[in-house]
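Written out below as C-alpha cells is the structure these notes cover.
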Amino acid sequence: MPYHTNDPVRTSWISYSKSTHFPIQNIPFGVFLTRENMITIGTRIGDYAIDLGALQELGYFNQVPLTDDMFMQDTLNDFISDGKKTWRLVRNRIADIFDSDNAELRDHDAHRERVIFHINEVEMQLPVLIGDYTDFYSSKEHATNVGRMFRGEDNALTPNWLHMPIAYHGRSSSIIPSGKSINRPMGQFPNADEELPSFRPSEKVDFELETAFITTDANKLGEPVSIEEAEDHIFGMVLMNDWSARDIQKWEYMPLGPFLGKNFATSISPWIVTLDALEPFRCSGPEPEQKPLPYLQQKGDKNFNINLEVEIIPESGSPTVVSKSNSKYLYWSMAQQLAHHTVNGCRINSGDLLGSGTISGATKESYGSLLELSSNGKEPIKLNDGSTRNFVEDNDTIRMTGYAYNQGVTIGFGELTNTLIPVVSKSSKRGK
C-alpha cells in the first residue's frame, strides 16, 4: 500500500522546487495555527500547509473510516492511535487529492482557499501531546568519544553498551517546538578550592544532533513488544536537539545519570515524517561487534540513510556548517530500542517520544555535539565570521536539517531551529 504514494515519478498540482523536503511523496503530519487563529492537524507539500481538518469537513475523506473529528483536534495522538492501516489510507488519499491529474480539489477555488495556506501564514505547534520521553545513547562513535574524554581510552565504552541500547528517562514538559528560544540554564557546580559548590549559569551549553521517533499505543502493561513487531508501532520520525549543559551534567550524573543538565530543553522539528515515506531509504546499520541476546536480534535493513546537518548562526553573523552526520551510523536501530524499552513490560503510549541519542560518525566533521567537535572546549571551532566556539554562546541560533535522497526524490524534515538567550533572573522578570 505505501508504495503507491512513494512512486518517484508522481507529481502534484501544487508546484514546488526539485530540492524541496516536502514533495508529494512525503506527506508528513503536523499541527499548526492558521491565519484564522485556529489550530488544526495538517500536512505539507512544497511551501504549502494543508488543513486536514477542513478537508475532512468538506468530505474529502468520506471513503476513509475516520471519526468525525479526527483532524479537528490540536494533537495527532488520536490519529496515531488508529494504527498503521489508517495512517496509510489517509496518506494515500492525500496523495491522490493532490496528484497532478486529480481535479476534484484542484479546480474548486473556494475549497482550495479554505484548505491551503502558504507556510509563512501558519505557526507550527508541537505535533503530539508527549506523555513520556526516553533518550537513547545509540551511536557507538559518540559513546566512545565521550567515554574517552571522561574515563580514558581503556574504559571508553561501559561494559553493558554493546549488549543493549542504553537510555535515560527525560522530561516531557521541557520538549519544545522549532522556533522557540531557550534560556541559558542555571545550575550547581563544584569549586576546586572550596568545600561548597557554587550556583551560576552554565558555561558549557551544547547541542546534540539526534533523530527521534513517535510511537502509537504499542502494548499493555507487562507485555513486551517483539523486535519483529516493533516498527508496526512507530508512526514516524522527527529531528531532535537534546540540549545539554555539560558542566551541570558532569557534576550531577553520578550515580543516577542525566537530570538538570538535560531537562531544561529538548526541541523537535514540527513535521513527523512517516516510516512509509522513508521506506525507500532503508539501509543496513553497523555490523554488531557483540551478538545481542535473542530479543534484540533483527533481520533486514533497519537503519535509514538520512543526511543530517548542524549550523551555528551567530547573532550578527552568517551560518557555519559545523557537523554533517547520518542516521545510518546508529549502532542500535529504532526497532531494537523499542524492543528493549518494552522487554520488561513497560507500556508505550500514543505520542511517546524516543530519541536516538547524539549521532556521530567516524570523522570529526560528523561529530554530533560541540563536546566532541571542540574536544570539551580544548580545540575551539572557527566560524565563518572569524569567531570561535567551545560551546553555544548567548544569542547563537542552532539550525538542524535532515533529508534522504533516492531516485531523484528528496524526503526531508525541514528545519529545527532554536536560539539560546541569556539567563532571565527573577529580578528582571519582576521589572517587566
Side-chain angles (χ1 to χ4, degrees), residues 30-31 75-77 124-139 142 146 165-187 202 204-215 234-249 252-253 256-273 308 310 312 323 325 327 330 334 337 341 348-349 351-360 368-371 391-392 396-402 413-421 423:
V31 174
T75 74
L76 281 158
N77 293 61
M124 299 305 299
Q125 311 291 307
L126 279 176
V128 290
L129 178 62
I130 301 168
D132 272 305
Y133 156 49
T134 299
D135 194 36
F136 282 88
Y137 196 44
S138 295
S139 164
H142 174 70
V146 174
I166 306 298
Y168 76 93
H169 189 207
R171 181 75 180 171
S172 60
S173 63
S174 303
I175 298 172
I176 59 173
S178 178
K180 187 174 178 65
S181 295
I182 297 164
N183 290 103
R184 180 176 293 275
M186 299 287 291
S202 169
K204 292 186 175 183
V205 176
D206 199 358
F207 63 78
E208 290 194 352
L209 173 61
E210 304 191 24
T211 59
F213 63 91
I214 309 289
T215 65
I234 297 175
F235 175 61
M237 295 175 65
V238 293
L239 303 177
M240 190 172 95
N241 185 351
D242 188 29
W243 292 78
S244 297
R246 301 297 186 184
D247 39 8
I248 295 175
Q249 181 181 358
E252 72 177 2
Y253 86 102
L256 295 181
F259 186 43
L260 300 181
K262 293 280 192 177
N263 68 10
F264 64 96
T266 297
S267 51
I268 64 172
S269 55
W271 295 106
I272 304 174
V273 178
L308 303 168
V310 184
I312 296 178
S323 175
S325 193
S327 63
L330 288 171
M334 292 185 291
Q337 291 165 19
H341 202 313
I348 298 293
N349 297 315
D352 285 353
L353 180 75
L354 280 70
S356 64
T358 304
I359 303 174
S360 295
S369 68
L370 284 172
L371 179 69
F391 292 95
V392 183
D396 280 350
T397 296
I398 304 299
R399 180 164 62 197
M400 296 181 175
T401 55
F413 295 80
E415 294 183 356
L416 170 56
T417 302
N418 302 93
T419 301
L420 181 70
I421 59 177
V423 170

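Pairing each heavy atom of S139 with each of L330, the nearest pair is N-CD2, 4.0 Å. Taking every heavy atom of both residues into account, K262 and T266 meet most closely at O-OG1, 4.2 Å. Across all non-hydrogen atoms, the minimal contact from T134 to A167 is CG2-CB, 3.7 Å. Counting all heavy atoms, side chain and backbone alike, V31 lies closest to P127 at CG2-O, 3.5 Å. For the residue pair L308 and I359, the shortest heavy atom distance occurs at CD1-CD1, 3.7 Å. Between V205 and F391, the closest heavy-atom pair is O-CB, 3.2 Å.
Side-chain contact between S244 and E208: present, with at least one pair of heavy atoms (C-beta onward) separated by less than 4.5 Å. With contacts defined as side-chain heavy-atom distances shorter than 4.5 Å, the pair F413/T211 does not qualify. Under the 4.5 Å side-chain criterion, counting only non-hydrogen atoms from C-beta, E210 is not in contact with F136. For the pair V310/I398, a side-chain contact is recorded, criterion being any heavy-atom separation below 4.5 Å from C-beta on.
A side-chain contact (heavy atoms from CB on, under 4.5 Å) with S269 is found for exactly one of L239, N241, T417, namely L239.
With sequence neighbours left out, T419 forms a side chain to side chain contact (heavy atoms under 4.5 Å, CB included) with S181, T397, I421. Under the salt bridge (Lys or Arg N to Asp or Glu O under 4.0 Å) criterion, D206 pairs with R246, sequence neighbours left out. Checked against side-chain hydrogen bond (donor to acceptor under 3.5 Å, both in side chains), T75 has the following partners two or more places apart in sequence or in another chain: N77. Listed by chain and residue number, T215, A218, N219, L338, H341, T342, D352 satisfy the side chain to side chain contact (heavy atoms under 4.5 Å, CB included) test with I348 (two or more places apart in sequence, or in another chain). With sequence neighbours left out, D396 forms a salt bridge (Lys or Arg N to Asp or Glu O under 4.0 Å) with R389. By the side-chain hydrogen bond (donor to acceptor under 3.5 Å, both in side chains) test, S325 is found to be paired with no residue, residues two or more places apart in sequence or in another chain being considered. Taking the salt bridge (Lys or Arg N to Asp or Glu O under 4.0 Å) definition, one finds that R184 meets it with D394, sequence neighbours left out. Partners of S178 by side-chain hydrogen bond (donor to acceptor under 3.5 Å, both in side chains), not counting sequence neighbours: none found. Applying the side-chain hydrogen bond (donor to acceptor under 3.5 Å, both in side chains) test to S369 and every residue at least two apart in sequence or in another chain returns E372. With sequence neighbours excluded, the residues forming a side chain to side chain contact (heavy atoms under 4.5 Å, CB included) with A245 are P185, S202, D247, I248, F264, listed by chain and number.
Note that CG of D135 and CD of Q337 are 9.0 Å apart. Values are rounded to the nearest 0.5 Å. Here the straight-line distance linking atom CE of M237 with atom CD1 of I214 works out to 10.5 Å at 0.5 Å rounding. Put simply, CG on L76 and CG on L129 are 11.0 Å apart, with the number rounded to the nearest 0.5 Å. Atom CG of residue N418 and atom CD1 of residue I176 lie 4.5 Å apart, to the nearest 0.5 angstrom. From N263, atom CG reaches atom OG of S173 across 7.5 Å, with rounding to the nearest 0.5 Å. In this structure, CD1 on I312 lies 5.5 Å from CZ on F207, to the nearest 0.5 angstrom.
Of the possible polar contacts, one joining the E252 side chain to the G261 backbone as a donor-acceptor pair under 3.5 Å is found. A distance-only check finds no donor-acceptor pair linking the side chain of S172 to the backbone of D132 [under 3.5 Å]. Checked by atom type and distance alone, the side chain of E415 never pairs as donor or acceptor with a backbone atom of T401 at under 3.5 Å.
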What do the steps show when you test L354 against M334 for side chain to side chain contact (heavy atoms under 4.5 Å, CB included), and what is the final call? CA-CA 9 Å; L354 280 70; M334 292 185 291; over 6 Å; no

Test side chain to side chain contact (heavy atoms under 4.5 Å, CB included) on L371 and T358 and set out the steps. CA-CA 11 Å; L371 179 69; T358 304; over 6 Å; no

Does the side chain to side chain contact (heavy atoms under 4.5 Å, CB included) test come out yes or no for L353 and V238, once each step is laid out? CA-CA 9 Å; L353 180 75; V238 293; 4.2 Å; yes

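Judged by distance alone, the side chains of D242 and Y133 do bring a donor and an acceptor atom under 3.5 Å apart.
Open room surrounds CZ on F259; 12 or fewer heavy atoms of other groups in view lie less than 6.0 Å from it.
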